[in-house]
Amino acid sequence: FGSAGSSGSDSVKIGFVLPFSGTYSFLGESIVNGVKLRLDEQLDGEIDGRTVEYVRKDTGADPATGASITQEFLQSENVDFIVGPVSSAVAGAMKPEIASSGSAIWLNANAGNFKLVQDNCTKYHFRTSFNTWQTSAPLASYINDNIADNVVLSYANYTFGQQSKNLFREEFEKVGGSVVDEIGAPLGTSDYSSFLQEIENSGADAVFSFFAGSDAVNYIKQFSSFGLNEKMTQTGSGFLLSADTLQAQGTAALGMYSLLHYTPTKQTDRNQAFVDAYSSQYDTTPNVYACQGYDSALAAELAVTEAGGTETDPMVSSLAGAELDSPRGYFKFKSSTHDPVMDMDIRQVVEADGGVQNEVVETLTQVEGPTWGCNL
Amino acid sequence: MAIEGIAKTALLGVEMGMTLVLVTVGLTLIFGMMDVINFAHGSLYMLGAYFGLTVVTVTGNWWAALLVAPLLVGLLGGLIEYLSIRPLYGRNPLYHILLTFGFAIMLHGLVTEIWGGQVQNIATPSLLEGSVDLVLFSYPLFRLFLLGVSIAVTAALWVAMRRSDFGIVMRASAHDSEMVDALGTDVKRVFTAVFVLGSILAGLAGVLLGTSRAVDPGMAASIIIQAFAIVVIGGLGSYRGAVVGAFVVGMLNAFGPTFAPQFTDALLYLLMAAVLLVKPAGLFGTPEGA
Amino acid sequence: MTVLDIDDVDTYYGPSHVLHDVSLRVERDEIVALIGRNGAGKTTTLRSIMGVTPPKDGAIRLHGDDVHGLSPNEIRRRGISWTPEDRRVFPDLTVAENLQIASRVTADPSNAGHGTSFTVDEIYDSFERLDERRDQRAGTMSGGEQQMLAIARSLVGPPVEVLALDEPSEGLAPQIVDDVRAMIEELNERGMTILLVEQNAHLALELADRAYVLETGHIELTAPATELLNDQDVLETYLGVR
Amino acid sequence: MSVKDIVGRHFSARQQTDVLSGRVRVGLFVAGVVAVLFAPFAQAVHPFWMDLATHMFIFALFALSLDFVFGYAGLLSFGHAAMFGAGGYATALLIQNATTSALVVLPMAVLVGAAVAALIGWLSVSARGIYFAMLTLAFAQLFYTVVFNDIPAMLLGLEAVTNGDNGLVGITALTLFGVDTGSLMAYYYLSLAMLGGMLALVTRLANSPFGRVMQAIRENEDRVAFIGYDVDRYKIVAFTISGGMAGLAGGLWVPFNSTATTAMLHWTTSGELIVMTLLGGMGTLWGPIAGAFLVVFLEDSLSAIGNWEIYLGIVYIVIVIFAPRGLAGIFRTVRSNPDPRVLLSKARSALATYREKVFS
Amino acid sequence: MATPLLALDSVTKEFGSIRAVDEVTLDIPESEVTAVIGPNGAGKTTLFNLITGRYELTDGQIELRGERIDQLEPQDIVQQGLARSFQITNFFPDLTALENVRLAAQAQRTGLTPGALLQHYDDQSETREAARDVLKRLDLLDIAEEQAGSLAHGQQRHLEIGIALACDPDLLVMDEPTAGMSPDETVETRELVEDLAEDITIVIIEHDMDVVMRVADRLAVIENGSLLTVGPPSVVREDERVQQAYLGGETA
Ligand SMILES: Nc1ncnc2c1ncn2[C@@H]1O[C@H](COP(=O)(O)OP(=O)(O)OP(=O)(O)O)[C@@H](O)[C@H]1O
Ligand SMILES: Nc1ncnc2c1ncn2[C@@H]1O[C@H](COP(=O)(O)OP(=O)(O)OP(=O)(O)O)[C@@H](O)[C@H]1O
Ligand SMILES: [Mg+2]
Ligand SMILES: [Mg+2]
C-alpha cells in the first residue's frame, strides 16, 4: 500500500499511472524522469511553496489495472494530478474514472488516441503529448510535394496503427496523392519479411508506416536488409524513427523521413537547455517521452501557480488556452479540446558521429488538429 | 504471384522455420526427456541476445559473441537445472510450470534492470552485410548465413542423435528414469547435459536473431508461445516433430500475409488446433497414457 | 568367496520402516533364493541392493567394496544387475531399443570381469520371440513377452557378477517357466551368481543352493534349499504353501 | 457447547474421505466470518483494502473454477482466460446495452462462459495431458484474436462490438434489487458472497456421485470406461461447469474495473491462473483460493517497486522448491505440528533434502 | 441348443503384419466357466480386448445374447452386462477400496443427471450397499476404508475383481486373476472364482494349471492367435498338441 491519508493543503500530489514493467517500462521511466527533472531538480521539489509528493503504480499494459490504479489514486490517495498512461487502451479505461470523479487533473503524457477527445470529451483531460492526427496527417502534403504522389501504407494492426494510417490516408488523398495498397501486420511481429515482399510488390514510390518500439526496429532493419530502401522512400509517424529506437535501427534508417513533435537534436536554445539539463541529470539524451513528462510538470506547475492552490476547477480554467514554455517549441492547450497546439518537425535520418540521428528538415508551426466535435 | 515471388517466399519460409528449430529443439528435448515444460526457454533465448550484445559492446567482435554468449547461456541453464530443477525430479512435472514461470518472470525483471527496457540490436558484422544475387532475386547475406547455421546445427544434432543412443535414453527416461538409471546410465548427468545443450541452442538463436531483429525484454514472451505451438504440432519430445513443426510454421508465416492478410495472427493457432484435432498427439508424438 | 555381503540393512519408505537389520550373504557361483509372503520385503531388499531405495543404515559390499550410497547406475556398472518386478519395460521403445538402453553401458573399471554378460545377438539367438519382434513397441507385447524382454535386458551391458531376479516366472506359461528354470541354471553355469526372489517357492527352492526366508522385514531363517523344500511346516508358516 | 463444536458437528457429519474435511470447513467458516467483519474495519482504517480484497475474491473464484477441472478432474486447461473473457465481455455488452441488474447479468455471464467452455471442451477432450492444455490454449488464443481484431463487428457490419484493443470502457456498476453495487463495500460483499456460494457449490459437486467419477478420471482415465462411464461426456460436463464459474468471475471483474479488455483473454491470464492454482496447492479447492490471494497481494504490494517481477519470480521459485504442495502443504504442516521447534527442524530438514538432492 | 451368452464368429485382429487373433470362432454358454489358455503371446489378452471394446475388430463379429456388440464403446458393453478384470492391476490407487467398488456400482445406477451432480455420494444408499455387498463377498470389508494403492498385492488383485463384479455383470471376463500371488492367495482366489461361478458366467485367462483344472468347465486353447481346441479339461489336457504347445513338463 502507498502512504495513506490525503495530501494537505500545502502539498501537491502527483500519481503516476505508467508501465514500470514490460516492454513499455522504458517509456514509463522516461516520463517520470522528465517530470522529476522539472519539479525535483529545477524547482527543488516545490511548486509555489507547496511540497510535491509522488505515488506510482505499475499498469503493465493492462487497461483494467490502469483503471483500478486510477480509482485508487483518486479515491484513496487524493492525488491532484494523474500523469500517464503510455498506452491509449489504458487511457480509454482511465477516462470514465477521471471524468466522473473530477477531483484531479489528468495530464495525458503519451496516449494519442483522438477518440479520447471525440467521445464524451472531459475538461479534466489535458494532453501534454499529441494526438494521432498530429503525428500522421501533416506529413501528407510534404510527401506529396517533395517525395512521391503515390504511397503504400504499412502499419501495426491495432487501434493506434489503424488510426494513424486512416488519418494519413484521408489527408494524402485530399492533397491529391494516391494510396496504392495497405498492409497491416499483427502487433508484435518479429519477422516482417513476407510483409515487406507485399510492400515491394505494390510498386509504390514511397511508404508511410506506423510502427513503434521493437516493431519499429524489426521493420526498419528488415526493410533495409531486403534492399527496399533503394527502391522506395520510407516515411512515417515519428515513433517509427524516434530517439529510443534509432540507436538499434542504426544505419538501416538512413534517409528516412518522419514527423514528430519533439526532436532532441533540434537546434533551439530552449531545447538545448533542456537537453543539457536532462543529460547531466540522467546521463542520457532525452527522448520524446521525457519531453512529454517534462511538459506535464510544466503544466502542473502552471496550474497550481495560476490557480493559487490545488482546487481542480480553478486549475482547469488556468490551463485551458494556456501556453507552456516547452522544449518542443510552441505549445498551447487548445481551449475547445485541451489537446496541444504545437510545432511539428519533419525529420530525416542522417549520419552523425558514432551513429545516426534525426535532423529537422522542416518545422510545421502551430499545428492544430480537428476538434472532433469536442467543445469544452 | 510471379514465380520469383513464390520462390522467394518459399525461401523465406524455410529460413524462418529453420531458425525457429534452434529454439524448439531445446524445448522439445527438455520436454521429451524430463517432462519439464520449460517456460523459461524463451528467457534463455533472450539472454543469448543480451549476452551477445554485451560481448559485442565490450570486444567489438560479433564472432566472439556468437561463440561466447551461447556458452554463457549454457552455463546459466546448467545452473538452473542443477539448483532448481534437479531437486524437483520425481515430483509431479506440473510443478515445473510454476518453477519455470517463476524464472521467466524473474529473468524478465532482471534483464530490464541490467540492460534497461529500451529496444536494442546487435550490429550485423561487416562480413555478413549486404545481399547476394540468387538469379531470380537477391537475398540478404546475413539471412543466408542464419539459414546455413541452422541447417548445419539441425543436421549435426540429427546425426548425433542417430549415431548415439541419446534419443533412446531420452525417451526411456521420460517414461521411467529410475529404470534407466538401474540399467547403468547416469540419468541425472544426461538430464543436465540435455538442459545445457538446449540452453546453448537457445542462446545461439538469441545471438543470431538478436542481430536480425530487435533485442528487448519482450522477446522472450513473444517467442515462447510460438515455440510451444511448434513443439506441440510436431509432437512433444520428438526431434523430427520439432523440425517439421518449425518448417510448417515457417511456411505459414511466409505465405500467410499473402494469402490471408486479415488472419495472420490467428493462423498459428488454427494450425495447432487443426493438427491436434486430427492427431491428438501431434504429428510425430506418442499419445500420453497410451 | 563372498561376492555380495549385506550387513544389518535398514530401509524405509518415507516414514515406514520396511527392512529391519537384514543381513545376507551370497557366495560366488551360488544360486540363493529369497522367499517370503507378499509384502515381506523381498523386493525392497533388491531395491536396497541396487541403490534404488538406498538403506538408511547398514553396509552392502560387492566383493568387499562398500557400494552403499552409490547411485544405481554405478552399482550396475560394477556388476550387479536387476530384473525388477512388474517388468518395467519402456513401453514406447521397441524391443531392440529396450535392449540398447542396457547394452550401450560400459563397465566400471572395478568390474573385474568375474561375471559375464550377453551380447544383443546372443539374446536374439536365445529368445526367438524377441528376435521376431525387434521392432515392435514393447508396450504392445503380451505380458509374458514383456517378462522375457525384462529378463533379457538385464543380461546385456557390463558383465554381470550378481543377477538379482525379482519374480521371473510371474505370468509365464508353464512351458516357458520350464525354459526360465533352464535358463537360470545356464546363467549360473556361465558364471553369474544369482539372487532369486520367487513366489513360486517350489521353483525357487528346486533351483537354489540356499534360501533365506523373509517375514515382515526380518530374516527369519536361512537353510540349504533342499532342507526347506522338505520342511512342510516352514513352507506353510512362512510361505502359505498348503 | 462452543461455536466450533456446532460448526464442526454440522460440517463433519460426513466421512473423512469427503473433499474438504471437517477441520478445513471449520477453518473456512472462520475465514468467512473474518472476511464479513473485515469490511467495516477497512472502511474505518483504509477503504482501499476492500478494493484489494475484492480483487482477491474475484481471482479466487476464477482459480476455484480452474481447480475444479484441473486439480479435481486432472484436466489442465491452459485456456481458462477464454471463459473469463467471454463472461466479462458479455457482462460489459449487457450493461451497456440492456440492463445493469445483477440478477440478469451475472447468470448470463455464467451461461456464456459455460457455452464457450462446452464448445472448447467438446473439441478438446480427445487430447490428453499437455496436448489437452495446448488445444485449450489454441482455442483461447483464437478467441483472443477474434476479440482483438473485433471480428464480430466485421461480421455484423457494425462499427464496434468488442472495440478491439481499446476494449469496452466506462462500464457502470451492477444493481441488485434496485440497489447500486458501485461502492467498495457493496461490491466487496457481492464478490465475497459469490465466492462463498461457489465454494459451497463446488464442494457439493466434488462430493457428489459425479465428483467421484471426475476423481476417478484423474486417477485412471482408462479404467473408467471399463466400468461403464462415458468419459468424454463427463469431462465435457465438468469443463462446462468450470467454464460457467470462470464466466461468473469475468462477469464480476468487468464492473469492478469498469472495463472489459483483451488482456482478460490473453494466454498470460491463463498462465497466471495456473500459477495461482499450483502455488496454492491444486486439488484442495481452498489452496488455489489462498494462491490467488497471495499472487494478487504480491502483485499489488510489489508493483510500486521498479522491476518488481524479479522478486515475484523468486517467491515462486522458492515456494515451489521448498513447499512441494504449495500453500496448502505449508498450512497442513503447520497445523499438524504447531510446535515452532518442530517446524524449525522441519524447515531444516527441507533444506537438508534440498542439499542432498542437488549435491549428491 | 439355446443361443450362447457370448458368440465369437471368426474374430480376427491384425497389428500390421502380426495376426494376434486369427479367425477365432467360439461360443460361451451361459453359467459355465470357460478357461482360455495358451502360450505367452498367443493372443488371449488381445481376444479379451476385442470382446470388451478396447480394440476394433479387423474381421468377424461378436454377439452378446444374440446382439452384436463389436461396434460398441467399452462403456456401452459394460452397460450390456459384460465386465472385465485386468491382467495388470488397473484401478484407482488414491481412492479407498470401497470407493473403487462403489464407482463401478454407481455406473450401473446413476447416469449423468442433475441429481448426480448435486446429491452427496454417500446418500446413495443403494449404491453404497451394493458396493459393500461386493466387498463382503470378496472378504475385503475390513479394509473398505483403506487406500487401494496401499493394499497388499493379493488384496489389490481381489479388489480388481471386485470392481468388475460391482458392474453387475452377467458375463465376467478375468485376465490372469492370480498373477503375482502367493500360494495361499492363489487358493483363495480359486475359491472365489468357484463361488462367483455359482451365479455368473465366467471366462478366465490363467497360467496356473492347478487353478485352471479345478475351476474350468471348458478349456479353450489358443496358440498363435488361432483356436487350437475347445473341450472339457480332462479331454483337452490329454491332447498331444496342447501338451506340446503349452503345458511342457507340467502335465504331471
Ligand atoms: N513405495 C512404497 N511406499 C511405502 N511402502 C511400500 C512401498 N513399496 C512397498 N512398501 C511396503 O513395504 C513392504 C515390503 O514390500 P515389498 O514390495 O518389498 O514386499 P515383497 O516381499 O516384494 O512382496 P511381493 O511378494 O508382494 O512382491 C510392504 O508392506 C509394502 O506395503
Ligand atoms: N498393439 C499391438 N501392436 C502389435 N502387436 C501386438 C499389439 N498387441 C498385442 N500384440 C501382439 O499380439 C500377440 C498377442 O498378445 P496378447 O497380449 O494377446 O498375448 P497373451 O496371450 O495375452 O499372452 P500372455 O499370456 O503373455 O499375456 C503378441 O505377440 C503381442 O506382441
Ligand atoms: Mg515384490
Ligand atoms: Mg495376456
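Both backbone and side-chain heavy atoms feed into the values below; hydrogens, waters and symmetry mates do not. Labels below follow one simple rule: chain letters A, B, ... track the order of the sequence lines, proteins then strands, and each chain is numbered from 1.
- Nearest heavy atom pair, residue E:Asn40 against residue C:Ser142, reads C-OG, 3.9 Å.
- Rounding to the nearest 0.5 Å places CD of C:Gln175 at 11.0 Å from CD of E:Gln243.
- Residue E:Ile18 holds its CD1 atom at 7.0 Å from OG1 of C:Thr140, rounded to the nearest 0.5 Å.
- Interface residue C:Leu172: backbone and side-chain heavy atoms are both found under 4.5 Å from chain E.
- A 6.0 Å sphere centred on CZ of E:Arg19 holds more than 12 heavy atoms belonging to other residues, nucleotides or ligands.
- Atoms CG and CE, from C:Asn200 and E:Met181 in turn, are 15.0 Å apart once rounded to the nearest 0.5 Å.
- A 4.5 Å side-chain heavy-atom check between E:Ser182 and C:Gln199 finds at least one atom pair inside the cut-off.
- There is no contact between E:Ala152 and chain C, counting heavy-atom distances below 4.5 Å.
- Listed here is the closest heavy atom pair of C:Ala173 and E:Gly38: CB-O, 4.3 Å.
- Of the atoms belonging to C:Met148, it is side-chain heavy atoms, and not backbone ones, that fall under 4.5 Å from chain E.
- Annotation: E:Asp139, atom CG; neighbour count of heavy atoms from other residues, nucleotides and ligands within 6.0 Å does not exceed 12.
- With values rounded to the nearest 0.5 angstrom, C:Thr43 atom OG1 is found 10.0 Å from E:His153 atom NE2.
- Contact count versus chain E (heavy atoms, under 4.5 Å) is highest, among C:Arg133, C:Glu85, C:Gln136, for C:Arg133.
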